[in-house]
A.B. asks: 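Shown below is the structure under consideration.
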Amino acid sequence: MKLGLVSCTKSKRNYSCKAYEMYSPSNLFKKAYRYATKNYDVVAILSAKYGLLLPDDEIEPYDLTLKTMTKQQRKEWADKVFKQMKEGLDLNKIGSAYFHTGREYREHLIPKLELAGVKCIVPLEGLSFGQQLAWYDTHLRE
């Protein structure tokens, strides 16, 4: 199975709602999430506050990002997310994980997944914000 991982965004709803709706004010999130749901067997959201979220998980608004965390805090976050993945997803059935996230959301998580036998791919690595939007526009038309 293919796992698509999309990261949370600074733009959020200001009320409790499902995870996929929380981040929908962000154009980049909407495109990444739509792409992921069309191309991967399982889609999850990586949240700075909650860790691993499934799209229908109910969450509260928050103001937290991995970008302002220390390296140690990001390592602890990755430990938490990996534990959530082992508990909530059958990692033995996931052959590959596709990261539609910023570097901070994958830097300490990819090595853990690879040790567990999951191939990790970053389809938009190295692309600027504008290039990412254009990439999704092109690939969502296909």
Side-chain angles (χ1 to χ4, degrees), residues 1-13 16-142:
M1 286 193 330
K2 295 178 183 177
L3 169 64
L5 296 165
V6 181
S7 60
C8 65
T9 61
K10 182 176 181 162
S11 299
K12 297 176 189 66
R13 300 280 181 211
S16 300
C17 58
K18 294 182 186 295
Y20 76 89
E21 184 184 346
M22 180 63 69
Y23 310 108
S24 65
S26 163
N27 196 26
L28 182 61
F29 176 84
K30 281 191 289 197
K31 290 177 185 214
Y33 180 74
R34 198 163 105 229
Y35 179 85
T37 58
K38 291 176 182 275
N39 290 279
Y40 308 125
D41 303 303
V42 179
V43 176
I45 300 164
L46 297 178
S47 161
K49 178 175 181 177
Y50 296 102
L52 183 74
L53 292 169
L54 295 179
D56 288 333
D57 289 346
E58 290 279 337
I59 60 171
E60 299 283 327
Y62 62 94
D63 186 22
L64 185 66
T65 177
L66 292 185
K67 292 179 186 200
T68 59
M69 290 184 187
T70 65
K71 184 176 182 178
Q72 183 58 37
Q73 288 171 319
R74 289 194 307 272
K75 283 182 175 182
E76 290 168 6
W77 177 86
D79 290 342
K80 170 185 163 178
V81 171
F82 186 65
K83 183 174 184 246
Q84 289 172 313
M85 288 179 156
K86 288 192 298 187
E87 292 169 356
L89 304 172
D90 188 348
L91 286 182
N92 294 326
K93 291 184 179 174
I94 295 172
S96 51
Y98 294 79
F99 283 80
H100 294 263
T101 70
R103 180 186 53 80
E104 295 87 358
Y105 289 82
R106 61 180 190 258
E107 65 185 336
H108 301 296
L109 192 52
I110 285 177
K112 295 175 183 312
L113 287 169
E114 288 177 337
L115 277 174
V118 177
K119 181 179 179 185
C120 295
I121 299 126
V122 185
L124 284 76
E125 188 166 23
L127 298 184
S128 70
F129 182 81
Q131 290 171 323
Q132 289 178 44
L133 291 172
W135 188 94
Y136 287 120
D137 287 341
T138 299
H139 288 81
L140 288 167
R141 279 196 300 266
E142 295 174 354

A.B. asks: Quick one: are C120 and V122 in side-chain contact, heavy atoms under 4.5 Å?
C.D. replies: no

A.B. asks: Specify whether Y35 and H139 have parallel, tilted or perpendicular ring planes, treating 30° as the upper limit for parallel and 60° as the lower limit for perpendicular.
C.D. replies: perpendicular

A.B. asks: List the steps and the verdict of side-chain hydrogen bond (donor to acceptor under 3.5 Å, both in side chains) for Y62 and S47.
C.D. replies: CA-CA 10 Å; Y62 62 94; S47 161; 2.9 Å; yes

A.B. asks: Just verifying a value: how many Å separate M85 CE and L52 CG, rounded to the nearest 0.5 Å?
C.D. replies: 5.0 Å

A.B. asks: Start with the C-alpha distance between L109 and F99, add both sets of side-chain angles, then the distance that settles side-chain contact (heavy atoms from CB on, under 4.5 Å), and finish with yes or no.
C.D. replies: CA-CA 10 Å; L109 192 52; F99 283 80; 4.0 Å; yes

A.B. asks: Walk me through whether C8 and Y105 qualify under side-chain contact (heavy atoms from CB on, under 4.5 Å).
C.D. replies: CA-CA 9 Å; C8 65; Y105 289 82; 3.3 Å; yes

A.B. asks: Test L28 against T9 for side-chain contact (heavy atoms from CB on, under 4.5 Å), laying out the working first.
C.D. replies: CA-CA 9 Å; L28 182 61; T9 61; 5.9 Å; no

A.B. asks: Using side-chain contact (heavy atoms from CB on, under 4.5 Å), reason through K86 and F82 one step at a time and then give a plain yes or no.
C.D. replies: CA-CA 6 Å; K86 288 192 298 187; F82 186 65; 3.6 Å; yes

A.B. asks: So, does S26 use its side chain to make a donor-acceptor pair with the main chain of Y23 at under 3.5 Å?
C.D. replies: no

A.B. asks: Examine distances only and state if a side-chain atom of Y50 and a backbone atom of E60 form a donor-acceptor pair shorter than 3.5 Å.
C.D. replies: yes

A.B. asks: Taking 4.0 angstrom as the limit, do D79 and K112 come out as a salt bridge?
C.D. replies: yes

A.B. asks: Taking Q73's backbone N and O only, do any of them form a donor-acceptor pair with T70's side chain (distance below 3.5 Å, no angle check)?
C.D. replies: yes

A.B. asks: Looking at NZ of K119 and CD of E114, how far apart are the two atoms once the value is rounded to the nearest 0.5 Å?
C.D. replies: 10.0 Å

A.B. asks: Distance check, rounded to the nearest 0.5 Å: K2 atom NZ versus D41 atom CG?
C.D. replies: 7.5 Å

A.B. asks: CE/M1 to CG/L91 distance, rounded to the nearest 0.5 angstrom?
C.D. replies: 9.5 Å

A.B. asks: Report the relative orientation of the aromatic rings in H100 and Y136; use parallel for angles under 30°, tilted for 30 to 60°, perpendicular for over 60°.
C.D. replies: tilted

A.B. asks: Just by modelled atom types, is the E104 backbone N or O under 3.5 Å from a matching donor or acceptor in the R74 side chain?
C.D. replies: no

